[in-house]
Asks: 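One structure follows; several queries about it will come next.
Per chain, numbering begins at 1; letters A, B, ... match sequence-line order. Keep in mind that the numbers below use all heavy atoms, side chains included, and drop hydrogens, waters and symmetry copies.
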2 protein chains.
Amino acid sequence: MTRTRVERKEQTRRAILDAALRLTADTSLVAISLRQVAKEVGIVPTAFYRHFDSVESLGLALVDESFESLRGLLREVWLRSPQFRDYIDGSLPVLADHVRSHRSHYTFVVRERTAGPPLVRAAIRREIELITRELATDVARVPGSDAFSTDHLNLLADLIVSFVVTTAERFIEEPDAEARIMAEARTQLRMLMVGALNWRSPR
Amino acid sequence: MTRTRVERKEQTRRAILDAALRLTADTSLVAISLRQVAKEVGIVPTAFYRHFDSVESLGLALVDESFESLRGLLREVWLRSPQFRDYIDGSLPVLADHVRSHRSHYTFVVRERTAGPPLVRAAIRREIELITRELATDVARVPGSDAFSTDHLNLLADLIVSFVVTTAERFIEEPDAEARIMAEARTQLRMLMVGALNWRSPR
DNA sequence: GCTTTGAGTGAACAAGCGTTCACTGAAAGG
DNA sequence: CCTTTCAGTGAACGCTTGTTCACTCAAAGC
């Protein structure tokens with residue numbers, strides 16, 4: 001099939017990542033052995049080392065991959081956000097779509113965020129913090145956000161991101177209840193936004 | 001030391017639970033073997049089976065134990081809540097205290113909630129749902145809550161509980177930043193409450 | 001006081017673990 | 001064309017895994 005050496009290598013690497021995503025659908029990375037991954041891929045355990053030097057570093061690659069497409073998505077949504085209202089209400093269906101079409105990555109992130117190997121946990125945390133910071137600068141551009149001090153703006157962004165993480169967890173937890181979860185989350189997000197719109201930071 | 005047979009058995013059971021809590025400080029239950037637990041306790045692997053028939057059922061016992069003291073605490077806090085304001089603002093220090101004095105249980109719950117064996121995950125979820133329902137009926141007694149339909153009241157309770165879970169995660173994640181996390185969480189909880197106080201359910 | 005109960009023992013098992021090492025054989029490079 | 005590179009092989013290592021079984025021996029029950 002694939003002729004060149006780099007192509008073949010990339011193809012095996014891809015197969016390892018996919019195998020790991022398949023295995024982490026059921027359990028955490030910390031409960032998965034190098035040999036299980038190799039068997040799932042269809043290679044010998046030693047060959048694994050040509051691509052990653054441990055299951056943990058495989059996990060780091062999966063974190064990168066998971067957040068890559070997410071960040072692209074967010075950038076797109078935020079750039080074309082016409083108004084604050086749409087941007088909030090419109091975000092949940094976008095999230096639901098993205099979770100549905102990247103189920104295995106989200107399953108991985110949601111689980112490893114609290115249970116993964118230390119470096120994996122740290123990497124996920126860093127990515128989420130990054131997104132929070134981007135959201136804060138984005139919200140700062142919304143008219144009316146001058147009722148918020150910088151600190152409080154960051155706290156609002158953090159509150160929203162936390163809520164979104166919780167919502168993503170639920171989409172993963174109950175894939176069949178997507179519509180219900182989204183409807184409930186929308187109401188909750190509105191409650192939160194009513195709070196934001198009536199907020200006055202002390203000065 | 002302890003003479004009677006039931007006392008001795010209970011003592012070993014306790015030692016197993018404690019050993020599991022010690023081991024799950026570092027990693028998830030799914031990555032821990034029955035033999036590791038036995039070695040940590042100082043008993044032979046076979047003796048483990050006299051108390052639990054798998055690591056998973058040990059996990060279920062730990063879930064029970066974890067939520068027992070938490071529910072007692074909540075009942076106490078809610079019963080003596082003088083006003084809505086105090087009850088919200090006062091809850092965070094109580095949470096921080098409880099997390100600090102039951103660190104290993106919270107570490108366990110926070111991690112196993114998303115990464116534990118299926119039955120353990122389900123048990124934790126059930127307990128959290130129970131607390132949410134109790135909070136909803138409690139909030140219903142607060143004057144002014146009639147602006148909320150029953151559904152919206154449940155959603156508000158769920159929003160608060162989710163937020164508290166996130167906050168507990170952070171206390172565990174960064175034990176040294178307790179004061180900072182609590183201060184930030186208080187502001188965020190107030191934002192959320194401003195939303196609640198300005199909410200009008202459509203009728 | 002004699003029997004029953006049952007928590008804990010210790011050996012044994014087949015299987016799985018991460019990592020090492022010397023190897024093959026085809027693509028890459030000069 | 002002949003050499004080098006390197007992804008993937010397969011055997012071997014010492015250790016850990018869950019579970020079984022027959023066992024000991026002190027407290028419990030009569």
Asks: Do B:Leu17 and B:Leu58 come within less than 4.5 Å of each other through their side chains, counting heavy atoms only?
Replies: yes

Asks: Answer yes or no: is there an ion pair linking A:Glu10 with A:Arg14, defined by an N-O contact shorter than 4.0 Å?
Replies: no

Asks: Under the side chain to side chain contact (heavy atoms under 4.5 Å, CB included) criterion, do A:Val194 and A:Leu197 qualify, and how do the steps go?
Replies: CA-CA 5 Å; A:Val194 168; A:Leu197 294 171; 5.8 Å; no

Asks: Salt bridge check: are A:Asp18 and A:Arg22 linked by an N-O gap of less than 4.0 Å?
Replies: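 Answer for the salt bridge query: no.
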
Asks: Output all residues satisfying ring pair (Phe, Tyr, Trp, His ring centres under 6.0 Å) with B:His152, sequence neighbours left out; order by chain, then residue number.
Replies: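 Checked B:His152 against ring pair (Phe, Tyr, Trp, His ring centres under 6.0 Å); matches are B:Trp199.
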
Asks: Is A:Thr12 close enough to D:dG8 that one of its side-chain N or O atoms is under 4.0 Å from OP1 or OP2 there?
Replies: yes

Asks: Between A:Glu127 and A:Arg113, is the closest basic N to carboxylate O distance under 4.0 Å?
Replies: no

Asks: Please work out which of the three classes, parallel, tilted or perpendicular, describes the rings of B:Phe52 and B:Phe48, given edges at 30° and 60°.
Replies: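 Answer is tilted, since the angle falls between 30° and 60°.
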
Asks: Under a 4.5 Å cut-off applied to non-hydrogen side-chain atoms, are B:Pro117 and B:Glu112 in contact?
Replies: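 Yes; the side chains approach each other to less than 4.5 Å.
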
Asks: Consider side chain to side chain contact (heavy atoms under 4.5 Å, CB included). Of A:Ile32, A:Val37, A:Val109, A:Thr107, which one does A:Thr24 pass it with?
Replies: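 Per the side chain to side chain contact (heavy atoms under 4.5 Å, CB included) rule, the option paired with A:Thr24 is A:Ile32, out of A:Ile32, A:Val37, A:Val109, A:Thr107.
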
Asks: Below 4.0 angstrom, which residues in residues 48-63 of chain B have at least one non-hydrogen atom near DNA chain C?
Replies: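 Only B:Arg50, B:His51 qualify.
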
Asks: Is a salt bridge present between A:Glu174 and A:Arg170, judged by a nitrogen-to-oxygen distance below 4.0 Å?
Replies: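 No, A:Glu174 and A:Arg170 are not salt-bridged.
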
Asks: Dump the pairs, protein N or O against N or O of nucleotides 27-30 of chain D, anything under 3.5 Å, distances to one decimal.
Replies:
unit_1: D:dA27; atom_1: N3; unit_2: B:Arg5; atom_2: NH1; d: 3.3
unit_1: D:dA28; atom_1: OP1; unit_2: B:Arg5; atom_2: N; d: 3.3

Asks: Could you list where the contact with chain B starts and ends along DNA chain C, reading 5' to 3', using a 4.0 Å heavy-atom cut-off?
Replies: C:dT5 to C:dA12

Asks: Measuring from atom OG of A:Ser91 to atom CG of A:Leu189, what distance do you get when rounded to the nearest 0.5 angstrom?
Replies: 7.5 Å

Asks: Answer with yes or no whether the side chains of A:Thr114 and B:Thr114 bring together a donor and an acceptor at under 3.5 Å.
Replies: yes

Asks: Report the distance from atom CG of B:Leu23 to atom P of D:dT17, rounded to the nearest whole Å.
Replies: 11 Å

Asks: Scan residues 25-41 of chain B against DNA chain C and write down, sorted by residue number, each residue with any heavy atom closer than 4.0 Å; if none is found, say none.
Replies: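 Listed by number, they are B:Arg35.
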
Asks: Quick one: salt bridge (charged side-chain N to carboxylate O under 4.0 Å, His left out) partners of A:Asp151, sequence neighbours excluded?
Replies: none

